[in-house]
Amino acid sequence: MEQVQRSFVELYGTEPEGVWSAPGRVNLIGEHTDYNDGFVMPFALPHTAVAAVSRRTDGVLRLHSGDVEGGVVELRLDELAPESDRNWTAYPAGVVWALREAGHPVTGADVHLTSTVPAGAGLSSSAALEVVVALALNDLFELGLQRWQLARLCQRAENVYVGAPTGIMDQTASACCESGHALFLDTRDLSQKQIPFDLAAEGMVLLVVDTQVKHSHSEGEYGKRRAGCERGAALLGVDALRDVPYGELDAALERLGDDEEAVRLVRHVVTEDERVEKVVALLESGETRAIGPVLVAGHASLRDDFRISCPELDLVVDTALASGALGARMTGGGFGGSAIVLAEASDVETITKAVEEAFAAAEFTAPRVFEAVPSAGARRLV
């Protein structure tokens, strides 16, 4: 944090007015349900984006990242326009654009950013950047916005300014999660419930295995799945796939006839919402180990019905389960990124070694494996 302040002084010649942080996230269960008005269950990582920020009054936004080659990028607020920027700066600039579009009096800022959230790993590095800037500007300009409102504006920045058709989960997780809890979020009405999720107390660990296979949400496959889900909802005459009750799934699939793609996408979303509710019930009743098979079922659905897994993700899941894991699944948007592995603490070493050896044998890039500890959401540090 002190390094971030020092870098800000070197860049801009004055002390920042404050320093803020916002975390990346892991989604425990509930994948590709958020843009279908469904249920999700993310928790925040200890990995964060950190921003030192000061206000300006001259309509200028100056951005710098300690993680990207290059100097300060200077933008004029009145020239910010959707999909005009294909660089990392689109995320913080998009937040400023979204705030101003919503009528909030942001008159400019100097921003220095750095992040420990792995980019392209399905852990919401972009949402962390957005939320940390939004929280800083909310505080500095005294906008009085609630956390869920900041998340909504950050989602709008990503959807409209960046051009990535993401749901609301990532930004809400970064803004609203609490340490030692997973966030049960209804993405339709944004109601939230903090569910205790303290694995260490029960002798368990949740590993994140970053396959090092990079993905990008703004590329076509994510958008195709979203459009396919919307088409499925239209064919079934509902506002969103959230509205298809789990108990009526078979009848709904029958109505879709031989539309194979619609059948697969609808089946995944409806069963995944059911899996989220099942995990909530198990955690609330203290049956944490029993969530393992639910995670595995979620992976099979993402692999076979939604078709967004990849050989590296499947190898993590299969190897971890064969090595004694309680459960495992891919997490995030798909086509690469990360998998999660629920394991007894005593089995972590064995599982990690097995996964690393399996990747080496398959001649894949070595994965990055680390423990995911449910951590605090966005906050002001200084």
Side-chain angles (χ1 to χ4, degrees), residues 27-42 122 159 164-170 184-188 213 215-281 291-318 321 327-337 339-340:
N27 192 23
L28 181 62
I29 192 78
E31 219 64 79
H32 288 267
T33 48
D34 61 345
Y35 54 78
N36 289 294
D37 279 4
F39 305 123
V40 294
M41 201 171 182
N159 289 173
T166 55
I168 190 69
M169 172 179 67
D170 298 350
F184 176 38
L185 173 67
D186 181 335
T187 65
R188 171 165 281 169
V213 178
H215 71 101
S216 172
H217 276 167
S218 39
E219 286 171 14
E221 290 300 323
Y222 184 99
K224 278 184 202 166
R225 298 302 184 285
R226 182 166 184 163
C229 288
E230 288 165 357
R231 190 173 70 84
L235 288 170
L236 292 169
V238 292
D239 289 341
L241 293 182
R242 150 71 173 279
D243 297 312
V244 179
Y246 179 72
E248 296 171 21
L249 176 59
D250 289 345
L253 297 182
E254 226 167 87
R255 283 168 54 207
L256 293 171
D258 57 3
D259 190 331
E260 190 241 355
E261 184 195 44
V263 165
R264 286 191 290 101
L265 297 181
V266 170
R267 184 166 53 216
H268 166 71
V269 174
V270 176
T271 58
E272 187 78 347
D273 273 335
E274 172 76 2
R275 282 186 283 274
V276 177
E277 294 192 284
K278 193 177 286 184
V279 168
V280 170
I291 75 171
V294 188
L295 303 184
V296 177
H299 183 77
S301 182
L302 289 162
R303 181 191 64 212
D304 301 337
D305 276 346
F306 228 65
R307 299 188 180 176
I308 57 170
S309 191
C310 67
E312 291 86 349
L313 288 167
D314 292 340
L315 185 60
V316 174
V317 172
D318 294 343
L321 293 173
R329 73 172 193 90
M330 60 155 284
T331 187
F335 311 105
I340 55 173

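These numbers come from a predicted model, not from an experiment. Positions are given from 1, in the same order as the sequence printed here.
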Return the minimal non-hydrogen interatomic distance between [X] and [Y], and the atom names on each side.
X: Arg226; Y: Thr166; answer: NH1-O, 3.4 Å
X: Tyr222; Y: Pro165; answer: CE2-O, 3.0 Å
X: Tyr35; Y: Cys229; answer: CE1-SG, 4.1 Å
X: Ala262; Y: Leu235; answer: CB-CD1, 4.3 Å
X: Ser301; Y: Thr271; answer: OG-OG1, 3.9 Å
X: Val276; Y: Phe184; answer: CG1-CE1, 3.8 Å

Between [X] and [Y], is any pair of side-chain heavy atoms under 4.5 Å apart?
X: Leu265; Y: Arg231; answer: no
X: Arg188; Y: Asp243; answer: yes
X: Phe39; Y: Thr33; answer: no
X: Val279; Y: Leu28; answer: yes
X: Arg267; Y: Leu253; answer: yes
X: His268; Y: Leu302; answer: yes
X: Asp314; Y: His299; answer: yes

Check for a donor-acceptor pair, side chain of Asp37 on one end and backbone N or O of Leu241 on the other, with a separation under 3.5 Å. no

Any donor-acceptor N/O pair, Arg255 side chain to Leu236 backbone, under 3.5 Å: yes

Return the [atom1] to [atom2] distance between [X] and [Y], rounded to the nearest 0.5 Å.
X: Met330; Y: Phe335; atom1: CE; atom2: CZ; value: 8.0 Å
X: Asp34; Y: Asp186; atom1: CG; atom2: CG; value: 11.5 Å
X: Ile308; Y: Glu221; atom1: CD1; atom2: CD; value: 10.0 Å
X: Ile291; Y: Lys278; atom1: CD1; atom2: NZ; value: 12.5 Å
X: Glu277; Y: Arg275; atom1: CD; atom2: CZ; value: 12.0 Å
X: Glu261; Y: Asp305; atom1: CD; atom2: CG; value: 11.5 Å

Option from Arg329, Arg225, Arg303 for which salt bridge (charged side-chain N to carboxylate O under 4.0 Å, His left out) with Glu31 holds: Arg329

side-chain contact (heavy atoms from CB on, under 4.5 Å), that's the test. Do Val266 and Leu249 meet it? Break it down for me. CA-CA 9 Å; Val266 170; Leu249 176 59; 4.3 Å; yes

